[in-house]
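So that the names make sense, note that chain A is the first sequence line, chain B the second, and so on, each numbered from 1. Only a predicted model underlies this, so the values are computations on that prediction, with no experimental measurement involved.
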Amino acid sequence: MRRSTPYLLVAPFFLLFLAFGAFPLLFTLWMALHDWELGSGTRRWVGLGNFRYLATDADFWHAVVNTAGIFALSTVPQLLAALVLADLLDRRLRGAAALRVALAAPLVTATAAVALVFTQLFDSDHGLVNGLLGLVGVPPVDWQGGRLASWTALAAMVDWRWTGNNALIYLAALQAVPRELYEAAALDGASPARRFWTITVPLLRPTIVFTAVVSTVGGLQLFTEPTLFGAAGAHRMDGGAQHQFQTVTMYLFESAFGQDRYGYGAAVAWALFLLIVTFALLNALVLRRRTGGAR
Amino acid sequence: MLRGLAAVALLAAGCAPGDGRTLLTVDLFGEFGYERLYREYEAAHPEIRVRQRRISVLDDYAPRLRQRIATGHGAGDVVALEEGLLPAFLRRPERFVDLSAYGGRALEPYFLPWKWRMGVAADGRLVGLGTDIGPLALCYRPDLFARAGLPTARDAVARLWPTWDAYYRTGLAFERRLPGVRWLDGPTAVFRAALLQEAGRGPGFTYFDRSGRLVFASNPAVRTAFATALRFERARLTADLQVFTPSWQTALRRDRFATVPCPAWMLGGLAAFSGGRGRWDVATAPGGAGSWGGSWLAVPRQTRHPARAAALAAFLTSPHGQVAAFRARSTFPSSPQAARDPVVAGSANAFFGGAPTGRIFGAVAARVRPVYLGPRNEDVRVAVDDVLLSVGQGRLAARDAWPRAVRAAAKAAR
């Protein structure tokens, strides 16, 4: 009885994990090994057939490139901007508390609302962004139609929402940095820029890598923004007529729910899972090496 | 509190409204115009209560219905099957009640023969009773036509375009005289209409032959229709929009296109999204009779009230029900008796310049020839749509469009 108490105490987590974590994961793998259609009732064992098809499926790899492209376009400026914002907020400013709240505000807005507003802003014909570009003589950009243009618009949505969040995380880390370091550097005549790059950034490295990992996991699963961005167009899940901004999750959704190919959709889900694991492991390796050197 | 708990308990028990009446659930997408019919049916059958679950977008409705039919749980007692969904569901007729067991066979004379036959599965089971069909006309803006120096009266307008080629050339002249307004909204309807016209005249099938084999590249009907639609894209005569999407609605309100190939069911949406301005009129479509869309009502096997659900489906699809649906939402009847009813045949649509829509669509409906659609028809259509749109957006050379479409179709049909 007494010996089992600790197990009972941790049991709820494991039961929930079994029901909502492990089971869906394994069942998805089981589905991925089948031709699985709901409408016609097809359920045929195909082994690794879905994965073999996936390996040479140009549309899948196209979606992977889109996802990675949007991820790179959004994450690099996002983390840089967050770092600069955190550094600014770390100084003594009037109304610092209000500014910090303002940073967190985008986070509590619904993703759907953000996407709808930004889709209007980036409308090719009547959007505010093209209107402003027009004022400085830039010809209108087809934000939906162009591959790079649509990635940029989506990156703007992602950044608007997540930059503040990362800035707050950096700010928390910054406040743990001993003030003496800055004072000593200032006494030695280091400029603010130099203090930022030689004190702030190195000491924040573990935090930076952490935010990079979190952004990777989120960024590779990007779904709501591009789906709603495409809702104005022809078919919601195709990410534009040339699939120019179709992400992996959209391709998954289109395959399973749109085309009733649940087996193939499950294979895409597993491929995405493996992609994320690979990225996360790479990040963890970087993390270990960098922090190990610092200590 | 107690009452709240009781309500929850009732919900959990599965339905019954607590007053001993049987609750029948009808699953629909878009607009069927059945609301008044439900009340009428309840008045005539005090033991029945009808509840409707409506999902506005077909693309959201389809996966949910597939899951409910496949798992045997959660589907309505009566469900609507759109023409694009029907072929896949007909591959599993055992999931549906055979309506002939409830007197369905006797209803055959009340439907167009081809509409009736499409609702019958290969094993002879009567799965679906026809609701509406989508006879195709051409909606146009007389005010924009006048500004471009074109005739505006619907008979004169119809004479402008006996063929798709004439419609194309009229469009070129229109855009020359009124730059900034596109000739039509998008390529989908032209491709679809031309395809069904060609297929109706020729082989009787489109992307798939009757054995289910993909014949996209070899079927002359597909090639001709694709070439027809491609011309409009290459000449930038379309606004590259998809019907009813938000950007389509914006363009509609901003007068960005002058014509829309319109099946009967589209009139309701055109009126609703125009912001109340009745600036449209209806003329006959080029190229002969075509049909786009239309549905059936079926009763899933999982229902606990097969007889009552079958009776409700028969009522809703009866000539009387179809006339009421036409009056509510302009959906055109698949029942010849309903189409002949003065309410339908003599109708004039005030929003569309008083056009005699019943007569215009009725004339087309009588000449529509049935075309076989394969289970993967919609997947192929979406893929080919994207190829046409890419040409219109200037991101795909017109000469590469056909090979790209063939590849896309093969993938979607795999």
Side-chain angles (χ1 to χ4, degrees), chain A residues 35-43 46 49-50 53 56-60 62 115-116 119-120 122-127 142-147 149-150 227-244 246 251 253-265, chain B residues 57 59-60 62-72 81 85-92 94-95 186-188 233 239-243 245-251 254 256 375-376 378-383 385-396 404 407-408 411-414:
Chain A
D35 250 354
W36 194 299
E37 291 178 18
L38 289 184
S40 63
T42 308
R43 194 167 301 184
V46 291
N50 281 328
Y53 188 87
T56 57
D57 180 357
D59 288 341
F60 169 73
H62 188 81
L116 287 175
T119 303
Q120 303 267 323
F122 283 103
D123 189 288
S124 303
D125 293 327
H126 323 291
D142 183 2
W143 292 107
Q144 297 258 350
R147 199 172 188 198
S150 60
T227 303
L228 288 169
F229 193 54
H235 314 104
R236 276 179 310 166
M237 287 303 155
D238 62 9
Q242 301 94 46
H243 301 203
Q244 59 269 30
Q246 185 181 46
Y251 189 59
F253 200 95
E254 184 195 15
S255 300
F257 301 100
Q259 304 189 338
D260 192 8
R261 291 189 168 107
Y262 284 82
Y264 193 62
Chain B
V57 184
D59 285 347
D60 294 334
R64 257 179 261 197
L65 181 65
R66 273 191 218 114
Q67 285 162 8
R68 288 167 175 168
I69 297 295
T71 55
L81 303 178
L85 306 180
L86 181 76
F89 282 115
L90 281 185
R91 283 158 73 190
R92 294 182 91 185
E94 75 282 358
R95 293 266 160 180
T188 309
E233 285 301 312
D240 289 322
L241 299 169
Q242 193 82 358
V243 172
T245 55
S247 27
W248 184 88
Q249 296 175 24
T250 309
R254 290 177 189 256
R256 286 301 169 94
R376 288 260 171 227
E378 290 308 286
D379 300 327
V380 173
R381 182 182 63 76
V382 168
D385 258 4
D386 276 347
V387 174
L388 287 170
L389 290 171
S390 298
V391 175
Q393 292 166 357
R395 301 192 182 269
L396 177 66
R404 174 79 68 92
R407 276 205 308 279
K411 185 177 181 221
R414 75 181 189 277

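Here B/K411 contributes atom NZ and A/D57 contributes atom CG; the two are 3.5 Å apart, rounded to the nearest 0.5 Å. From A/M237, atom CE reaches atom CG of B/D59 across 9.0 Å, with rounding to the nearest 0.5 Å.
Residues B/V382 and A/Q259 fail the side-chain proximity criterion, which asks for heavy atoms closer than 4.5 Å.
Under the salt bridge (Lys or Arg N to Asp or Glu O under 4.0 Å) criterion, B/D240 pairs with no residue at all, not counting sequence neighbours. Partners of B/T188 according to the side-chain contact (heavy atoms from CB on, under 4.5 Å) rule, which considers only residues two or more places apart in sequence or in another chain, are B/Q242, B/W292, B/R381, B/D385.
In terms of heavy-atom pairs under 4.5 Å with chain A, the best-connected choice from B/A251, B/A412, B/G394 is B/A412.
Heavy atoms of B/R95 lying under 4.5 Å from chain A are absent altogether. Looking at B/R254, the atoms closer than 4.5 Å to chain A (heavy atoms on both sides) all sit in the side chain, from C-beta outward. Contacts of B/R256 with chain A are made by side-chain atoms alone, with heavy-atom separations under 4.5 Å and no backbone atom involved. Neither the backbone nor the side chain of B/A62 has a heavy atom closer than 4.5 Å to any heavy atom of chain A. When heavy atoms are compared at a cutoff of 4.5 Å, A/D123 does not approach chain B at all. Interface residue A/Y264: only side-chain heavy atoms are found under 4.5 Å from chain B.
Between A/E37 and B/R376, the shortest heavy-atom distance links the atoms OE2-NH2, 3.2 Å. B/Q393 and A/A241 get closest at one heavy-atom pair: OE1-CB, 3.9 Å. For B/R66 against A/G258, the heavy-atom pair with the smallest separation is NH2-O, 3.6 Å. A/D142 and B/R395 make their closest contact through OD2-NH2, 3.5 Å (heavy atoms, listed as atom of the first residue, atom of the second, distance). For the pair A/G240 and B/D386, the tightest heavy-atom approach, listed with the atom from each and the gap, is O-OD2, 4.4 Å. When all heavy atoms are compared, the tightest approach of B/Q67 to A/L38 is CG-CD1, 3.4 Å.
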